[in-house]
Amino acid sequence: MSQAKLKVGVYWGASCGGCDVAFLDIHEKILDVIQVAEVKFWPCAMDFKYKDVEGYPDGYLDITLFNGAIRNSENEHVARLLRKKSKLMVAFGACAHMGGIPGLANFWSKKDIFASAYLESPSTENLQKIVPQVETKVPEGTLKIPELYENVRTLAQTIDVDYTVPGCPPNPEQIAIVLGAVASGKLPAKGAVVGASDKAMCEDCPRKKKELKFKKFQRRHLTHPDPEICFMEQGIVCLGAATRAGCGWRCIGSNMPCRGCYGPLPNVTDQGAKILAAIASHIDSEDPEEVERILDGIPDPAGYFYRFGLPLSLLHRRHLGDR
Amino acid sequence: MSFEPKIVGFLCNWCTYTGADLAGTSRMKYAPNVRVVRVMCSGRVDPTFVLKAFREGADGVLLGGCHPGDCHYQSGNMKTLRRIPLLKRLLKDMGIEEGRLRLEWISASEGERYQRVINEFVEQVRALGPLNLEVRKALPKKSQATA
Amino acid sequence: MPYKIGVYVCHCGTNIAGMVNVEEVADFARGIPGVTLSRTYKFMCSDPGQALLQEDIRKNGLDAVVVAACSPLMHERTFRRAAQEAGLNPFLVQIANIREQCSWVTEGKGAATEKAKALVAAAVRRAREHQPLEMRRVEITPSALVVGGGIAGIQAALDLADAGVQVVLVEREPSIGGHMAMFDKTFPTLDCAACILTPKMVAAGSHPNIKLMTWSEVEEVSGFVGNFKVKIRRKAGYVDHDKCTGCGLCIEKCPYKADSEFEQGLAKRKAIYLPFAQAVPNKPIIDKNACAYLKNGKCRVCVKFCEAAAIDFTQQDRVEEVTVGTIVLATGFQAMDGRRIPELGYGRLPGVYSALEFERLNNAAGPTNGVIQTRDGRAPRSVAILHCTGSRDENHHRYCSRVCCMYALKYAHLLREKLPEARVYNFYIDMRCFGKGYEEFYKRLQEEGVRFVRGKGAQVWGGAEWKAMVPAAAVPEGLEDHQLVVVAEDSLLQQVLHVPVDMVVLTPAFEPRFDAEEVGRRFLVSRGADGFFLEQHPKLAPVSTTNEGVFIAGACQGPKDIPDTVAQGSAAASKALSLITRKEIEIEATTAHVQDELCSGCRTCIGLCPYNAITFDEARKRAAVNDALCKGCGTCVAACPSSAILARHFGDRQIFSEIEGLLSL
Amino acid sequence: MPAATPFLEVADALKEYGAHDLDLCYQCSTCTGSCPWSFVEPLNIRRLIRLAQLGLPGYEGEDLWKCTTCASCQVRCPRGVAIVDLVRSTRAMIGETGLIPQSLRSALGSVKGEGNPWNGKREERNAWTESAGIPRFDPKKHEYLLSACCMPSYDKRSRRIADALWKVLQAGGVRAGVLGPEESCCGEAVRKIGDEGTFTSLGKSNAAAFEKAGVRKVIALSPHCYHTFKNEYAAFGVKVEVHHASEIMQRLIFEGKLKPHKKLDRTVTWHDPCYLGRHNDIFDAPRAVLSALPGVTFREMFRHKKQSLCCGGGGGRMWMETKRGERFSDLRLPEAMAVGASVLATGCPYCVNMFEDSRLGLEREDAIQVRDLAELVAETL
């Protein structure tokens with residue numbers, strides 16, 4: 001495969017732009033990338049229009065790296081469009097993979113979010129109580145904006161995805177590796193997670209580990225953890241044991257526990273449930289009341305365990321019931 | 001027609017499942033809503049199973065194990081005793097009423113207690129109403145079979 | 001769907017078919033993907049039922065079968081065996097329990113049939129995920145450990161040793177013999193306890209197949225049925241028993257004394273001592289808390305007189321390791337401390353005795369040479385024996401201690417025999433004389449003139465206290481200060497009695513040993529609500545435990561008398577023997593397995609396994625499950641945050657499929 | 001004795017009245033043998049239970065009214081039977097047929113009419129607090145409600161206890177106030193006498209008074225009030241934190257807020273009131289207080305803590321005549337003197353009342369003094 005350069009698309013859905021920045025963080029390796037790839041769509045970095053893509057024949061792009069979750073109708077529309085135009089679709093980064101930080105919106109309803117953003121927040125002055133409408137009639141005609149969905153979805157919950165590159169953001173070094181693999185035609189099986197290990201963060205974690213026992217949970221911002229010792233052994237919940245390695249221990253190296261952005265391990269169905277089981281099994285008490293007292297040290301279990309993965313979790317979102 | 005809750009029961013082989021057998025042999029009648037998965041020990045019940053059951057449409061989940069101190073595997077049920085409170089907190093955060101998950105210690109000789117717990121729990125879940133998780137509407141069923 | 005599954009819906013006569021529409025269930029099953037045939041049959045567990053299943057397996061090449069019938073606890077084995085005979089791996093059989101879980105407990109045919117369908121759907125989906133598994137076998141080390149050298153342990157050790165098994169008998173005290181060695185007579189035959197026990201003690205001490213380890217304690221047990229590795233601490237006794245001839249001169253010359261444990265503190269013994277004359281081994285040890293040399297470096301009289309030069313003050317505790325195939329726990333009981341019922345005056349009033357104290361007081365070799373007398377040397381003219389001291393009592397022990405009624409009768413007899421003038425009262429709730437010759441013994445005691453008062457002794461007061469406390473009218477005539485007053489209601493008379501006596505004997509409840517919890521944990525034996533070791537089944541497996549290869553015998557399992565204890569000692573020996581003679585043993589196939597390619601070495605599973613089956617390989621940074629130790633509970637599987645541990649036959653996929661099936665309709 | 005036929009409907013009815021454990025009794029006699037009456041004129045409680053189990057006549061006999069509900073039997077019962085509840089429910093059942101002893105009826109009448117069993121006027125209730133300068137409870141100013149029992153309002157000796165307690169609380173800086181005539185008897189004795197109806201109306205009325213005044217914490221002077229508020233008022237929706245005076249005094253001393261300094265130079269023994277000790281397991285607080293008083297030599301009597309001998313005033317016996325020689329309080333004083341005590345201290349106005357009465361029967365009335373714990377503490381300030 002040494003003929004034409006790979007035609008690459010990069011797009012962002014609901015995301016912070018960090019993944020796009022990660023491309024730039026590969027520094028001089030960008031030269032290797034340009035050897036094999038040619039950017040055909042990257043609205044965040046270069047001037048492209050949706051029109052351009054619509055004009056491409058189906059399957060024109062060799063690969064699209066899609067970052068960001070599916071939050072609104074525009075995200076979904078472009079995802080479907082790019083799927084049609086791309087040979088390979090890669091969910092790139094934690095948001096496309098699992099919903100990511102935007103996925104935390106699934107703890108709320110659209111109504112809650114609008115109320116908070118447009119009506120109730122202290123910095124808002126909105127006397128007419130106007131909230132965004134998909135269609136607004138103005139003298140000049142009808143204005144349309146994308147519709148915000150009730151649920152944040154992952155890319156794979158929306159379209160067919162070929163590969164996933166996890167991380168918030170993915171480790172930049174992995175980008176060149178992924179593109180190199182595509183260029184060389186050495187493709188893993190469809191559905192694979194690439195650019196990450198099949199083992200948990202604990203593999204090769206430099207911190208010392210002896211015996212796990214929780215008599216009390218500590219919150220990171222209220223403690224000074226020993227940088228040599230496993231966070232869990234210091235009573236700080238670290239999601240590393242339930243999270244794929246591959247990030248290069250960026251948080252752990254900065255004395256922050258793993259927050260789980262690389263997502264669940266290959267055999268795991270629900271990352272939060274697994275870290276929950278792992279932690280709770282080691283609570284050092286057999287007295288139900290004491291167990292409850294110890295658990296008070298984890299004030300927001302769902303938010304903590306599903307920080308990056310709520311939309312991917314079995315329950316997908318907070319159940320609103322008949323509210 | 002009144003709402004008939006669907007409940008999944010995870011029962012340990014040695015105590016609660018055997019207790020349920022005793023209820024059977026003694027011909028004790030109880031509500032048919034609880035369908036049982038037999039596991040060797042309540043300690044085998046991965047919280048994922050509970051979430052999976054809710055995801056698949058269960059309105060309630062029952063866990064049955066040996067009484068503390070009587071675990072066939074010494075202390076498997078102690079792990080359950082620790083996990084369920086945290087799982088309940090997680091479920092609560094996820095908008096699922098705590099009352100939909102129940103952990104009971106029922107020994108092999110407590111057929112009557114099994115009958116009572118089943119009937120009580122079915123009524124408890126019935127009172128909470130159908131769960132109808134949004135996820136079942138929001139996502140196609142198979143969309144996340146793999147991580 | 002590559003799978004060919006056969007579904008068999010059992011009528012179980014009318015037990016299932018009477019409530020569940022079995023034909024409808026079978027029709028339903030036919031529609032589930034993967035099911036190639038679906039039948040109903042009257043009795044699946046019958047020979048023709050099994051034959052039907054076997055024929056289908058052979059003829060149709062079934063990949064798995066689902067039997068919708070009774071509880072898997074009833075017939076899973078039956079159908080597994082049938083499948084195996086037909087060439088299908090037994091683990092490819094799945095049972096749907098539509099009898100105990102459905103037909104017997106559901107009202108309404110419609111509801112029962114619907115539930116049965118859901119259970120069958122779940123079983124079929126699960127069966128699709130089943131994997132063939134192999135049972136494995138390990139060799140059994142042909143030796144046994146017996147823990148505890150009371151009559152139960154002695155009996156078990158002798159029975160095993162006589163059958164040619166190498167036995168290690170561990171006893172924490174300096175001599176074997178246990179509680180029985182303290183007794184004077186045994187009920188109801190009134191045999192001399194020592195006369196029937198000492199020959200057995202000597203036999204155990206000299207048996208070529210028994211290695212006796214007294215003054216020793218089991219410290220650690222690892223391994224599993226067939227191959228237990230046991231560390232035993234041999235406490236320093238400062239006498240080299242290989243050199244010691246047991247001449248006793250050291251004891252005679254030793255100038256220091258301490259309270260004798262064996263005599264319940266009613267007599268002294270020397271700092272170098274034998275607990276009692278017939279001790280086995282009949283060689284002394286030195287009590288380091290009483291020995292002047294060990295305490296402050298002065299004396300060494302024993303060294304001077306020991307011609308065999310057996311005294312060795314440099315001796316240290318040492319730990320020996322043995323490997324055995326099976327273990328018999330016979331660690332016995334302890335008596336409740338009478339002080340826990342202050343109303344009865346034990347520990348405060350010198351005239352109140354515990355049962356064991358009274359045994360020693362009675363014993364010809366005891367502190368008074370068998371003369372029954374009070375602490376101030378008077379022959380009691382009247383004695384009250386109070387039953388149920390802490391037994392059958394929610395405040396102490398709910399259970400009946402089973403022997404007190406009988407030994408109380410024995411005491412009454414001994415008192416009447418030795419002190420014919422003495423008045424003897426038994427204060428009881430119910431007389432429980434259930435054994436062979438027991439009721440006859442009760443009648444004999446009535447004939448001997450013992451007074452039985454139906455009513456629990458509620459309070460005991462000193463004579464002097466009583467006089468100071470109650471109105472003059474309530475002081476029995478002639479009550480002396482050193483006497484005691486027992487307050488009890490005679491429920492037959494419906495009248496409160498104030499009974500002046502010279503001596504009160506309590507019958508303290510049997511209790512689990514103070515360290516039963518620790519011992520249970522060490523040997524992985526559960527305890528019941530009463531704290532005694534728990535048998536696997538109260539009726540059908542009375543000496544087995546849930547830890548395979550570990551058996552229990554005697555009063556460590558619950559209060560019992562000597563005949564029952566001996567019977568259990570023999571029973572445990574026979575169970576142990578039948579295990580050992582199998583030479584090898586099948587071990588659980590449904591174990592946990594760490595998948596190396598997924599294990600990150602996070603160590604979450606370490607410390608969770610109740611059987612210590614999970615080890616951590618520091619070099620490879622991986623956890624591993626020892627198949628032979630794993631019992632298949634799955635606790636580690638649930639906890640593994642990487643889902644790297646596979647539960648064979650109870651894997652995530654199998655259970656997920658079952659859940660999906662259950663909720664599919 | 002004529003033949004009898006079991007009448008199990010009676011047993012069933014008793015259970016409805018609260019005798020839940022009736023059938024658990026296995027007739028071992030420990031209760032009868034542990035009863036303080038067993039020293040003098042025995043009360044055969046076991047037989048009453050037996051008769052009740054079979055519903056035979058006699059369960060409602062005169063003996064039933066001898067029980068002081070002291071719980072000596074209950075703490076020993078090997079089957080854990082709540083014997084005091086059996087007595088209470090038996091009395092309640094026959095109370096409905098009006099078979100309550102004459103002497104108790106006037107106390108009951110007074111409770112019904114005036115909210116106290118002492119034939120005092122309702123409007124005089126807590127009048128003493130005004131002269132003592134005790135403020136009306138105000139939730140904004142006061143942490144505690146001081147509930148001083150009916151007795152200080154109508155009995156001079158008890159008034160001295162209440163005054164002493166107030167002095168102690170003041171010295172310890174406790175912010176407390178009292179209710180006025182809207183407060184009623186807690187109803188403990190009324191319930192034990194068997195008048196459930198009156199108990200319920202007292203409970204509801206006090207619950208309303210607590211609620212209206214905004215009470216969250218209560219200091220009870222009497223163990224009987226303490227017991228009732230703490231264990232029985234939940235039925236009326238009362239959720240208050242209840243402390244006995246001795247617990248408060250212990251805490252004040254422990255925290256250094258109360259500093260007993262005047263020397264007493266007396267040998268003191270402690271009588272555990274049944275409702276403080278056996279019923280509620282408060283044994284250590286009063287002993288800790290006594291040991292903190294300067295100049296006090298503490299001596300324990302034979303019968304103490306769970307074995308303490310009832311004064312004889314509980315369960316309605318306060319209003320019934322007990323013959324001299326049969327009074328437990330008469331036995332108790334010599335017991336105290338036998339250990340060399342010059343002061344018999346206790347923490348219950350009933351006990352003080354009974355002992356003061358017995359003291360008058362002594363050869364030398366001044367051979368021993370009877371004091372409430374609060375009085376002793378007050379003396380050291």
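Everything numeric in this text was worked out from a predicted model, so none of it was measured.
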Please check if the number of heavy atoms outside C:Arg653 that lie under 6.0 Å from its CZ is greater than 12.
no

To the nearest 0.5 angstrom, please state how far the CZ atom of C:Phe650 sits from the CZ atom of B:Arg44.
9.0 Å

When you measure from the side chain of B:Arg35 to the backbone N and O of C:Leu662, does any donor-acceptor pair fall under 3.5 Å?
yes

Looking only at C:Cys633, C:Gly634, C:Cys640, most heavy-atom pairs under 4.5 Å shared with chain B are made by C:Cys633

Chain C heavy atoms under 4.5 Å from B:Cys71: which part of the residue, side chain, backbone, both or neither?
backbone

Can you tell me which portion of B:Lys29 sits under 4.5 Å from chain C's heavy atoms? Options are side chain, backbone, both or neither.
both

Nearest 0.5 Å, what's the CG-OG1 distance between C:Leu73 and B:Thr18?
5.0 Å

Under 4.5 Å from a heavy atom of chain C, the part of B:Val45 involved
backbone

So, do C:Leu663 and B:Val8 sit near enough that their side-chain heavy atoms are less than 4.5 Å apart?
yes

Side chain / backbone / both / neither for B:Ser26 at chain C, heavy atoms under 4.5 Å
neither

Can you say whether C:Asn547 sits under 4.5 Å from chain B via the side chain, the backbone, both, or neither, judging by heavy atoms?
neither

Gap between atom SG of C:Cys630 and atom OH of B:Tyr73 - 0.5 Å precision:
9.0 Å

Counting C-beta onward and ignoring hydrogens, is there a side-chain heavy-atom pair between C:Ile659 and B:Phe10 closer than 4.5 Å?
yes

Bottom line for B:Ile7: the part with an atom under 4.5 Å from chain C's heavy atoms is neither

Residue among C:Gln101, C:Arg126, C:Lys631, C:Met74 with most heavy-atom pairs under 4.5 Å to chain B
C:Gln101

Under a 4.5 Å cutoff for heavy-atom pairs, which residue among B:Asn33, B:Leu22, B:Thr25, B:Thr80 has the most contacts with chain C?
B:Thr25

For chain B, which of C:Gly632, C:Pro72, C:Ala122, C:Ala639 has the most heavy-atom pairs under 4.5 Å?
C:Pro72

I'd like to know if C:Arg99 and B:Asp21 make a salt bridge, using a cut-off of under 4.0 Å between side-chain N and carboxylate O.
no

Side chain, backbone, both or neither: which part of C:Ala647 has a non-hydrogen atom closer than 4.5 Å to chain B?
side chain

With the threshold set at 4.0 Å, does a side-chain nitrogen-carboxylate oxygen contact exist between B:Arg38 and C:Glu658?
no

Is the shortest heavy-atom distance from the side chain of B:Glu56 to the side chain of C:Phe656 under 4.5 Å?
no

Part of C:Leu524 lying under 4.5 Å from any heavy atom of chain B
both

State, yes or no, whether a side-chain contact exists between B:Val36 and C:Asn97 at a heavy-atom distance under 4.5 Å.
no

Heavy atoms, side chains only, cut-off 4.5 Å: are B:Gln74 and C:Tyr611 in contact?
yes

Highest number of heavy-atom pairs under 4.5 Å with chain B: which of C:Lys115, C:His649, C:Arg521?
C:Lys115

